Protein chains: 2
Amino acid sequence: MKNKKDQDTEQKILQAANRVFLKKGYEGARMQEIANEAGINKALLHYYFRSKEKLFDRIFREAFSNFWPSIEKVTKGGNAEIKELIEAAVNGYMDILEDKPFLPAFIVGEINRSPERIKDLLLSTGLQPEKVLKIVQDAIDAGEIVEMDPRELIVNIVSLSIFPFIGRPLLSSMFWESTEEFDLFLKDRRKTVYEFICRSIMKRT
Amino acid sequence: MKNKKDQDTEQKILQAANRVFLKKGYEGARMQEIANEAGINKALLHYYFRSKEKLFDRIFREAFSNFWPSIEKVTKGGNAEIKELIEAAVNGYMDILEDKPFLPAFIVGEINRSPERIKDLLLSTGLQPEKVLKIVQDAIDAGEIVEMDPRELIVNIVSLSIFPFIGRPLLSSMFWESTEEFDLFLKDRRKTVYEFICRSIMKRT
DNA sequence: TCTAATTTTGACCATATGGTTAAAATAAAT
DNA sequence: ATTTATTTTAACCATATGGTCAAAATTAGA
């Protein structure tokens with residue numbers, strides 16, 4: 001039976017673990033640092049979460065499920081508009097990543113470390129990539145956009161949305177005066193990316 | 001004075017370190033594993049490279065300098081064509097990344113781990129981002145392409161070229177039958193990315 | 001208030017890991 | 001051939017790290 005203090009401590013641990021794991025990854029993270037960050041004894045971590053792997057697994061699954069923008073509004077109604085899909089995807093990613101900029105680097109880094117877990121993870125998210133593909137394919141069949149592999153468009157949308165956050169330190173150093181200015185650029189970007197994509201896929205008159 | 005065996009061993013170590021560090025990152029890599037991979041005693045690593053940090057630094061600098069496509073052909077002559085720039089950049093990245101797919105994940109991961117090193121690294125590469133920006137700006141001023149922040153176009157080119165390699169395990173699991181098929185997709189991609197970008201920036205008639 | 005259950009801690013353990021050292025093996029110099 | 005310099009190894013060392021445990025502190029239940 002859980003009481004109030006129980007919940008508090010568990011939450012403090014999870015928040016601390018989240019900060020540390022996301023910034024340093026599984027290999028770089030230290031249980032001691034997580035304990036310090038949470039303001040508790042290291043043994044408590046094991047009391048609540050058995051092992052580093054178990055704790056990490058909890059954090060990672062949570063992070064992974066937060067990684068996907070919700071586009072049900074677009075996919076639900078049968079009459080899916082391709083432009084709405086793009087707008088929802090780009091805005092969805094921007095919303096998530098402005099709030100948690102470390103998320104994508106963390107996810108791809110950890111997936112790279114143990115790729116065998118992907119299948120399981122994807123299943124538990126209940127994502128339906130086929131639905132997204134179908135929307136794109138329908139738009140192509142209807143002649144609304146140029147002909148292309150639907151997967152290519154998806155990859156491009158995702159690339160344009162996510163990569164600037166992964167490459168933030170590098171890009172901001174090369175082309176901006178400061179990371180703050182780069183962040184301003186990122187804020188504007190949801191508009192410009194959307195336009196960039198639409199210009200490319202709309203047929204010429 | 002170095003003799004032949006010396007060179008051999010050093011090279012074997014560097015190759016082994018390269019494999020291990022690129023796949024596992026600094027924190028995940030083990031000196032023992034590098035030694036095994038190189039077929040030598042662990043103490044030899046320290047004989048040749050003092051410490052893990054020193055060895056890593058050597059590998060990382062090498063990796064970082066390999067990360068940039070050579071676009072001098074385009075930038076050298078004053079008459080820089082924007083389309084040539086895009087083609088050179090996309091093809092340059094594809095050439096590099098088809099050969100070393102782990103490179104971008106490694107670089108961005110390690111830069112994330114210690115961002116303070118970037119300035120120094122960038123200086124030692126002798127890259128000139130301004131030149132690239134100027135080519136884009138000139139094309140805009142000449143009315144060849146649509147108006148936009150030149151940095152935005154650069155970021156888009158880089159994102160579209162690099163991200164699919166970073167997100168390979170995830171993307172291939174979601175939208176392809178196997179990683180092999182995804183790799184075929186990546187091979188074709190240098191054409192389609194180029195076209196995708198050009199369609200977006202060329203002015204409508 | 002008194003007891004039982006739960007939570008928290010400090011001290012400890014086993015192992016992994018980066019690093020060192022002295023001696024053995026090999027190559028170079030004479 | 002003998003000596004000297006260099007390369008390689010096995011055996012260690014110190015420390016960091018994930019994890020455990022018994023006791024103390026706290027909370028819940030009677």
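Below, chain A is the first sequence line, B the second, and so on; all start at residue 1. Values in this document were obtained by computation on a predicted structure and should not be read as measured data.
In this structure, CG of B:L44 is placed 15 Å from C1' of C:dG18, rounded to the nearest angstrom. In this entry the distance linking CD1 of A:I40 with P of C:dT8 reads 8 Å, nearest Å. The interatomic distance linking B:E10 (CD) with D:dT8 (P) rounds to 11 Å, in whole Å. Between the C1' atom of C:dC13 and the NZ atom of A:K42 lies a distance of 10 Å, rounded to the nearest Å. The interatomic distance linking B:F49 (CZ) with C:dT20 (P) rounds to 16 Å, in whole Å. Atom P of nucleotide C:dT6 and atom CG of A:D8 are separated by 18 Å, given to the nearest angstrom.
Geometrically, A:K52 engages A:Y26 in a cation-pi contact, judged by NZ or CZ lying under 6.0 Å from the ring centre and within 45° of the ring axis. Figure legend: cation-pi geometry between A:R189 and A:F182 absent, as NZ or CZ is not positioned both under 6.0 Å from the six-membered ring centre and within 45° of its axis. With A:F56 as the aromatic partner, A:R113 meets the cation-pi criteria of under 6.0 angstrom to the ring centre and within 45 degrees of the ring axis.
Within residues 17-37 of chain A, no residue has any heavy atom under 4.0 Å from DNA chain C. Applying a 4.0 Å cut-off to non-hydrogen atoms, the residues of residues 50-57 of chain B that approach DNA chain C are B:S51, B:K52, listed by residue number.
With salt bridges taken as basic N to acidic carboxylate O contacts below 4.0 Å, one links B:E33 and B:K24. With respect to the salt-bridge test (charged N to carboxylate O, under 4.0 angstrom), the residues B:K134 and B:D138 qualify.
Surrounding CD of A:E53 are at most 12 heavy atoms belonging to other residues, nucleotides or ligands under 6.0 Å away.
Aromatic rings from A:F175 and A:F185 are positioned such that their centres are separated by 6.0 Å or more.
Here the options are A:I135, A:L127, A:L85, the test is side-chain contact (heavy atoms from CB on, under 4.5 Å), and the partner is A:I71; only A:L85 passes.
For A:R58, the side-chain contact (heavy atoms from CB on, under 4.5 Å) partners are A:E10, A:L14, A:F49, not counting sequence neighbours.
The phosphate of C:dT21 (OP1 or OP2) has no side-chain N or O of B:Y47 nearer than 4.0 angstrom. Applying the 4.0 Å criterion to OP1 and OP2 of C:dG19, one finds that B:H46 has a side-chain N or O inside that range. Here A:T9 reaches the OP1 or OP2 of C:dT8: one of its side-chain N or O atoms lies under 4.0 Å away.
Between C:dG10, C:dG18, C:dT8, one nucleotide has an atom nearer to the side chain of A:Y48 than all others, and that is C:dT8. The side chain of A:A43 lies closest to C:dG10 when the candidates are C:dG19, C:dT20, C:dG10.
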